[in-house]
Amino acid sequence: MKWSNFEFHSPEFLWLLLLIPLLAFWSFYTQKKDSAQLKIPSTKGFKAGGSILPKFKPLLHLLRLLALSCLIVALARPRNVAVSKKTKTNRGIDIVMAVDVSASMLAKDLKPNRLEALKRVATDFINRRPNDRIGIVVYAGESFTQTPITSDKSIVKRTISEIKWGQLEGGTAIGMGLGSAVNRLKESKAKSKVIILLTDGVNNAGFVDPKTATELAKGNGIKVYTIGIGTNGMAPFPWAKDPRTGKISFKNQQVEIDENLLKHIANETNGKYFRATNNTKLKEIYDEIDKLEKTKIEEFKYYNYSEKYRFLVFLAGIFLLIEFTLKNTLFKSFI
């Protein structure tokens, strides 16, 4: 029997156990009054061959008290409880993460750089979304669907780990990144559709206007959370790449993020705009989005009770039977 699964259905009856010590004292106190006494001048004639049974007479009171104790505990209904759980996901969420992979994402104001910091936080975010489908879109001067929305988290995490700079044409096409994410979600049957759009710059490439893509998202009932990543002021940006060694040199530049555009996209789609100025802030943003977009889960609990009071009632009956038998046999002449 596991004590962690043990309980009393009516524990208030256990207060009656406080009466047991009082009854024990009362039995001891009244025992002498209930016994017949005979005064004699000498006990010599009784010492040889005398019976020791009278010394065990208190055993009858003990048996009665034990029976009463068992009945009191039985009234409290001791039982074991086996609990089984069944969860049901009532509302799934489809999420597409649109990630800027332009050269500026190599800036080192986040450690080790913006792109690597994002990959770590995004992976942790995915681990906390077991009931949702997630897709990945990457964009720079053009956009590309890295992974369509899927419930296979291992595929999504592997995709995140393989994101690299230099795979797409240079520039920052926010409109195309958002447009590609909308295309991934517009046919979705999920009750809630979300895009997490991350960028560290301004829209300077692509043939899709960000505001047009915003209207598409709004028309398809898609909520967009926008994240501007980058510190305030100056940051070390990639400046040149050595063609022989492939080593990238860095130069301090002013951080430029089109916050007005990102706020517009979020407001129009009932989302929210965030600014990630460091690694900690970036993690806090994804934590907040995780809380804002919770999948509704119903949990059903099934209880199976195994009653234990029957054994106590049986035990009380045994004690009373023994007491009755002894009282009317061995101790009959002494009562």
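This chain uses plain numbering: 1 for the first residue, then up along the sequence.
- Remark: Lys211 NZ is loosely packed, at most 12 non-hydrogen atoms of other residues, nucleotides or ligands lying under 6.0 Å away.
- When all heavy atoms of Lys111 and Asn279 are compared, the pair lying nearest together is O-ND2, 2.8 Å.
- Connection of Leu282 to Ile126 is established within a shared hydrophobic cluster, with ILVMFWY side chains joined at heavy-atom distances below 4.5 Å, either directly or through further cluster members.
- Within the 4.5 Å cutoff, side-chain heavy atoms of Ile289 are placed close to those of Ile227.
- Panel note: side chain Arg120, backbone Lys283; no donor-acceptor pair is recorded below 3.5 Å.
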Chi angles and distances behind the side chain to side chain contact (heavy atoms under 4.5 Å, CB included) call for Glu259, Tyr273: CA-CA 8 Å; Glu259 292 192 284; Tyr273 168 69; 2.6 Å; yes
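- The two residues Ala173 and Gly141 have their closest heavy-atom pair at CB-O, 3.7 Å.
- Once rounded to the nearest 0.5 Å, the distance linking CG of Leu17 with CG of Leu75 reads 10.0 Å.
- You'll find the side chain of Asp100 stays beyond 4.5 Å of the side chain of Ile229, heavy atoms only.
- Residue Ala74 comes nearest to Val313 through the heavy atom pair CB-CG2, 3.8 Å, listed as atom of the first residue, atom of the second, then distance.
- A distance of 13.5 Å separates NZ in Lys193 from CZ in Arg184, rounded to the nearest 0.5 Å.
- Relative orientation of the Phe311 and Phe314 rings is tilted, given thresholds of 30° and 60° on the angle between their planes.
- Annotation: the span from Asn113 atom CG to Trp165 atom CH2 amounts to 11.5 Å, rounded to 0.5 Å.
- The heavy-atom pair separating Ala205 from Gly171 by the smallest distance is CB-CA, 4.3 Å.
- Contact annotation: the side chain of Ile20 approaches that of Ile72 to within less than 4.5 Å [non-hydrogen atoms, C-beta and beyond].
- Ion pair Arg128/Asp287 flagged as a salt bridge, since at least one NZ, NE, NH1 or NH2 atom sits closer than 4.0 Å to an Asp/Glu carboxylate oxygen.
- Within the 4.5 Å cutoff, no side-chain heavy atoms of Leu198 are placed close to those of Met97.
- A continuous path of Ile, Leu, Val, Met, Phe, Trp and Tyr side chains, each step under 4.5 Å between heavy atoms, connects Val121 with Ile160, placing both in one hydrophobic cluster.
- Both Ile134 and Leu292 belong to a single network of hydrophobic side chains, linked directly or stepwise wherever heavy atoms of I, L, V, M, F, W or Y lie under 4.5 Å apart.
- Proximity of Gln254 to Met234: side-chain heavy atoms (C-beta onward) are separated by under 4.5 Å at one or more points.
- Here the rule is side-chain contact (heavy atoms from CB on, under 4.5 Å) with Met176, and of Phe144, Tyr139, Phe207 only Phe207 fits it.
- From Asp200, atom CG reaches atom CZ of Arg114 across 4.5 Å, with rounding to the nearest 0.5 Å.
- Distance alone, capped at 3.5 Å, is enough to place a donor-acceptor pair between the Arg275 side chain and the Gly230 backbone.
- Across Asp258, Leu178, Asn260, Ile195, a single residue satisfies side-chain contact (heavy atoms from CB on, under 4.5 Å) together with Ile265, and that is Leu178.
- Annotation: side chain of Val156 is in contact with side chain of Thr150 (closest heavy-atom distance under 4.5 Å).
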Assess whether side chain to side chain contact (heavy atoms under 4.5 Å, CB included) is satisfied between Lys223 and Lys272, documenting all intermediate values. CA-CA 9 Å; Lys223 187 185 297 185; Lys272 193 173 181 180; over 6 Å; no
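- Judged purely by atom type and a 3.5 angstrom limit, Lys119 uses its side chain to pair as donor or acceptor with the backbone of Ser161.
- Within a 6.0 Å sphere centred on CD of Glu256, heavy atoms belonging to other residues, nucleotides or ligands number 12 at most.
- Looking only at distances, a side-chain donor or acceptor of Glu142 sits under 3.5 Å from a matching main-chain atom of Glu169.
- By the 30° and 60° cut-offs, the orientation of the rings of Tyr225 relative to Phe274 is tilted.
- The two residues Gly228 and Ile257 make their nearest non-hydrogen contact at C-CD1, 4.0 Å.
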The test is side chain to side chain contact (heavy atoms under 4.5 Å, CB included); show your working for Met105 and Leu118 and say whether it passes. CA-CA 9 Å; Met105 285 292 288; Leu118 167 65; 4.1 Å; yes
Please report the C-alpha distance between Arg129 and Glu293 in whole Å, then the side-chain angles of each, then the deciding distance to 0.1 Å, and finally whether the side chain to side chain contact (heavy atoms under 4.5 Å, CB included) criterion is met. CA-CA 10 Å; Arg129 312 297 301 192; Glu293 295 296 331; 3.9 Å; yes
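- Counting heavy atoms from C-beta outward, Leu62 and Phe319 have side chains that stay 4.5 Å or more apart.
- Note that CD of Glu162 is 9.0 Å distant from CD of Gln167, once rounded to the nearest 0.5 Å.
- Annotation for Lys108 and Pro112: closest pair CG-O, 3.7 Å, computed over non-hydrogen atoms.
- One distance of note links CD1 of Ile174 with CG of Leu262; it measures 5.5 Å at 0.5 Å rounding.
- Under the 4.0 Å criterion applied to side-chain N and carboxylate O atoms, Glu288 and Lys291 are not assigned as salt-bridge partners.
- At least one donor-acceptor pair closer than 3.5 Å links the side chain of Thr269 to the backbone N or O of Val224.
- Side-chain N or O atoms of Asp132 include one that pairs as donor or acceptor with a backbone N or O of Ile93 at under 3.5 Å.
- Cluster membership for Leu14 and Leu65, using ILVMFWY side-chain heavy atoms within less than 4.5 angstrom, is shared.
- Listed by first and then second residue, the salt bridge (charged side-chain N to carboxylate O under 4.0 Å, His left out) pairs involving residues 143-159 amount to none (not counting sequence neighbours).
- Leu312 is connected to Phe6 through a chain of hydrophobic side-chain contacts under 4.5 Å among Ile, Leu, Val, Met, Phe, Trp and Tyr, so both are in one cluster.
- Side-chain contact check for Leu326 versus Leu63: some heavy-atom pair is nearer than 4.5 Å.
- With Asp94 contributing its side chain and Ser188 its backbone, the two residues share no donor-acceptor pair below 3.5 Å.
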